[in-house]
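Comments concern the structure below.
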Amino acid sequence: MARFLLRRLLVALLVAATVMTVSFLLTRLSGDLAISIAGPNATQQDVELVRRAYGLDRPLWLQYLDWVARALQGDLGESYFFKDRVANLIAERLPITMSLGLVGLCIALAVALPLGILAAVRENTWVDRAVMLVALIGQAMPSFWLGLILMIVLGLRLGWLPISGTGSWQHYVMPGIVLAFSAIPSLMRLTRAGMIDALASDYIRTARAKGLSRLSILVKHALRNAAIPVVSIAAVQLGFMLGGSIVIETVFALHGVGFLAWESISKNDFPVVQAVVLVLALIYVGLTLLADLLNAALDPRLRAA
Amino acid sequence: MSALLEVAGLHVRFGEVAAVRGASLTVARGETHCLVGESGCGKSVTALAVMGLLARGARREAERLAFAGEDLRGLSDRAMSRLRGDRMAMIFQEPMTSLNPSYTVGSQMTEVLRRHRPGTTRARALDRAVELLGRVGITAPAMRLGQYPHQLSGGLRQRVMIAMALMCEPELLIADEPTTALDVTVQAQILRLLAGLQRDLGLAILLITHDLGIVARVAHRVSVMYAGEVVESAPTAALFAAPRHPYTRGLLACVPVPGKVRRDQPLGSIPGVVPRIPPGFAGCAFRDRCAHARPECAAAVPRRAAGPEHEFRCTLAPDWATRAEAALA
Ligand SMILES: Nc1ncnc2c1ncn2[C@@H]1O[C@H](COP(=O)(O)OP(=O)(O)OP(=O)(O)O)[C@@H](O)[C@H]1O
Ligand code: SF4
Ligand SMILES: [Mg+2]
């Protein structure tokens with residue numbers, strides 16, 4: 001168990017290091033930063049000044065090490081546009097994005113688990129096919145389009161929910177639904193496949209031979225085993241959702257990290273873009289590690305290994 | 001009094017495979033009925049059909065299927081689940097995979113007792129589990145309660161399954177090759193345990209086995225299955241002394257003197273394999289392997305009586321073997 005965790009931790013650290021490097025390089029490779037910071041009306045002299053002021057004239061590896069050293073101390077630099085520390089900007093917006101991700105995940109699980117179980121119990125009947133069709137449609141639907149439809153129906157026509165902004169919990173419902181939609185198909189398929197496997201297994205036959213109730217057979221014995229992969233994929237899906245929040249937060253003007261990224265990209269505010277990419281990627285790496293931990297906690301065979 | 005378990009004309013189909021074709025057998029209280037036959041002849045399917053545990057897609061039909069006089073055919077799943085685990089229990093042929101990998105031995109053993117005896121405290125249920133684990137020959141039973149199936153060997157898992165089946169003191173125990181993964185001493189201990197329960201509580205046992213030594217020692221009655229049919233059924237002594245069906249004689253061919261069966265004596269082997277029988281098949285299914293096959297074996301095969309409670313299905317006359325031996329002499 002300890003060895004397993006250590007290995008996973010090492011892999012996570014390795015991925016994190018790669019992510020840092022890539023997010024650093026991304027901004028450096030997209031053109032001369034000094035020119036973009038100095039602005040369209042700057043002279044050659046201004047550009048040179050900016051280059052020196054921001055240390056962009058130093059060798060790339062030195063800039064990289066400098067950036068890494070600062071990032072490790074939580075110093076992600078200054079935003080050019082917001083005139084604030086990037087770390088502050090992110091700290092302010094991250095809770096909003098996390099809440100959105102969690103709302104999305106809860107909605108996704110609340111839909112995917114029961115439907116997946118239902119499809120498995122009614123395998124190869126019209127119920128199963130109907131559920132799988134819904135999953136297919138969900139997968140094919142672009143999220144910004146679904147977002148607009150929801151806005152029109154729930155927001156404008158019915159007036160049940162606010163269509164944009166960050167003020168209250170109601171603001172999280174529609175974007176949460178849209179985010180959930182992207183995760184539902186895979187979670188549902190996984191639940192269904194796991195339940196079909198479990199229900200055909202010898203230990204479920206044993207549970208039936210013991211005369212256990214239907215609920216106990218389905219939930220305690222079958223779902224408990226089918227859920228092991230679902231739980232770890234759910235953690236990974238949460239990571240995807242946080243990444244997807246860049247689109248969703250923009251559509252719904254929800255002022256989270258995703259919205260911040262969108263603003264900064266349009267303003268060429270590269271320290272912020274870099275930091276958002278880094279933070280989201282690190283959260284993703286953290287969630288993958290969490291998935292492994294959950295897996296180990298749920299599966300006694302892994303726990304002992 | 002009628003038998004505890006009565007099965008007559010049982011049919012089970014998996015799509016285009018007729019796995020059981022009109023099998024009949026009865027098990028009385030306090031009796032051990034052994035079911036023998038080659039691999040694939042439908043023993044497990046028969047047992048699962050009785051318990052109502054057939055896989056999805058199986059179709060079961062029967063002329064009679066009764067437990068303690070109660071017709072099982074029309075019973076709802078809920079009513080059936082009240083019987084299962086409580087009054088009728090089953091030990092499966094697959095000890096490695098029959099326990100849930102996510103729960104401890106203790107949790108899996110106690111839940112069956114607490115399901116059928118509501119109000120049983122966890123502590124009492126655990127005591128009962130420890131007692132039974134001890135009785136099936138598991139050392140340090142209390143320690144086993146906290147272990148997961150993957151921490152146990154095949155033999156231990158099989159014994160856990162046996163102990164679990166006995167938690168509620170069932171009236172009928174269906175045991176599908178329960179001692180295959182066990183060494184001879186443990187096997188003997190479990191057979192003694194079952195014999196003891198039979199004596200004290202009148203336990204009825206339907207025992208599926210390939211081991212003629214076990215049959216000779218514990219069975220009151222033996223049924224021989226072939227291709228989904230019971231082709232011969234008789235009290236144990238009568239069957240060993242005078243087997244009538246050519247298939248039974250083939251299985252017993254390795255027993256030199258009636259009644260002298262070695263421990264661990266496997267069933268004899270007959271050239272050829274059990275055929276897959278499609279629905280609507282007529283005649284004797286054994287005819288392509290039978291040395292005595294005749295044209296009339298392709299028509300309906302009669303059920304013949306060869307003595308008190310001794311029946312077989314064959315076109316040959318009951319005394320064909322003795323006459324053949326006399327002719328040879
Ligand atoms: N779930 C199933 N689906 C389709 N066919 C099945 C299924 N279970 C059993 N069968 C078929 O039914 C027939 C009888 O199988 P069964 O398991 O009863 O044999 P058995 O007598 O118990 O053999 P063994 O001694 O090897 O345990 C076999 O031909 C098998 O292929
Ligand atoms: S019915 Fe015919 S083929 Fe079948 S066992 Fe008897 S003699 Fe052999
Ligand atoms: Mg079998």
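- Between A/Leu212 atom CG and B/Arg114 atom CZ the span is 12.5 Å, to the nearest 0.5 Å.
- In this structure, the portions of B/Leu53 lying under 4.5 Å from any heavy atom of chain A include both its backbone and its side chain.
- When all heavy atoms are compared, the tightest approach of A/Ala209 to B/Met51 is O-CE, 4.4 Å.
- Interface residue B/Asn100: backbone and side-chain heavy atoms are both found under 4.5 Å from chain A.
- The environment of B/Arg276 atom CZ is sparse: at most 12 non-hydrogen atoms of other residues, nucleotides or ligands sit within 6.0 angstrom.
- For A/Ser213, the parts lying near chain B are the backbone and the side chain together; criterion is any non-hydrogen pair under 4.5 Å.
- The minimum heavy-atom distance between A/Pro300 and B/Pro101, with the atom names listed, is CG-O, 3.3 Å.
- Counted by atom type alone, A/His221 and B/Glu111 present one or more donor-acceptor pairs between their side chains at under 3.5 Å.
- In this structure, chain B has no heavy atom under 4.5 Å from any part of A/Ile204.
- Listed options B/Leu99, B/Ile91, B/Thr104 were ranked by heavy-atom pairs under 4.5 angstrom with chain A; first place goes to B/Leu99.
- Within 6.0 Å of the CZ atom in B/Arg73, the count of heavy atoms belonging to other residues, nucleotides or ligands exceeds 12.
- Residues A/Thr206 and B/Gln108 form no side-chain contact, since every pair of their non-hydrogen atoms from C-beta on lies 4.5 Å or further apart.
- Neither the backbone nor the side chain of B/Leu83 comes within contact range of chain A; no heavy atom of the residue lies under 4.5 Å from a heavy atom of that chain.
- Under the 3.5 Å distance criterion, the side-chain polar atoms of B/Arg115 are left unmatched by any main-chain donor or acceptor of A/Lys210.
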**OP:** Would you sort out whether B/Ser98 and A/Asp202 count as a side-chain hydrogen bond (donor to acceptor under 3.5 Å, both in side chains), showing the intermediate values?
**Re:** CA-CA 5 Å; B/Ser98 288; A/Asp202 288 344; 4.6 Å; no
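- Using a distance-only test at 3.5 Å, with no hydrogens or angles considered, no donor-acceptor pair links the side chain of A/Tyr203 to the main chain of B/Ser102.
- The residue among B/Thr97, B/Val112, B/Asp86, B/Asp77 with the most heavy atom pairs within less than 4.5 Å of chain A is B/Thr97.
- Residue B/Arg78 does not touch chain A at all, counting heavy-atom pairs closer than 4.5 Å.
- Per-residue counts of heavy-atom pairs under 4.5 Å with chain A were compared for B/Met167, B/Met88, B/His116; the largest is that of B/His116.
- Heavy atoms of B/Met80 lying under 4.5 Å from chain A are absent altogether.
- For chain A, the option among B/Met90, B/Arg84, B/Met161 with the highest count of heavy-atom pairs below 4.5 Å is B/Arg84.
- Seen from the ring of B/Tyr148, A/Arg301 does not count as a face-on cation partner, given the 6.0 Å and 45° thresholds.
- Pairing each heavy atom of A/Arg208 with each of B/Leu54, the nearest pair is NH1-O, 4.1 Å.
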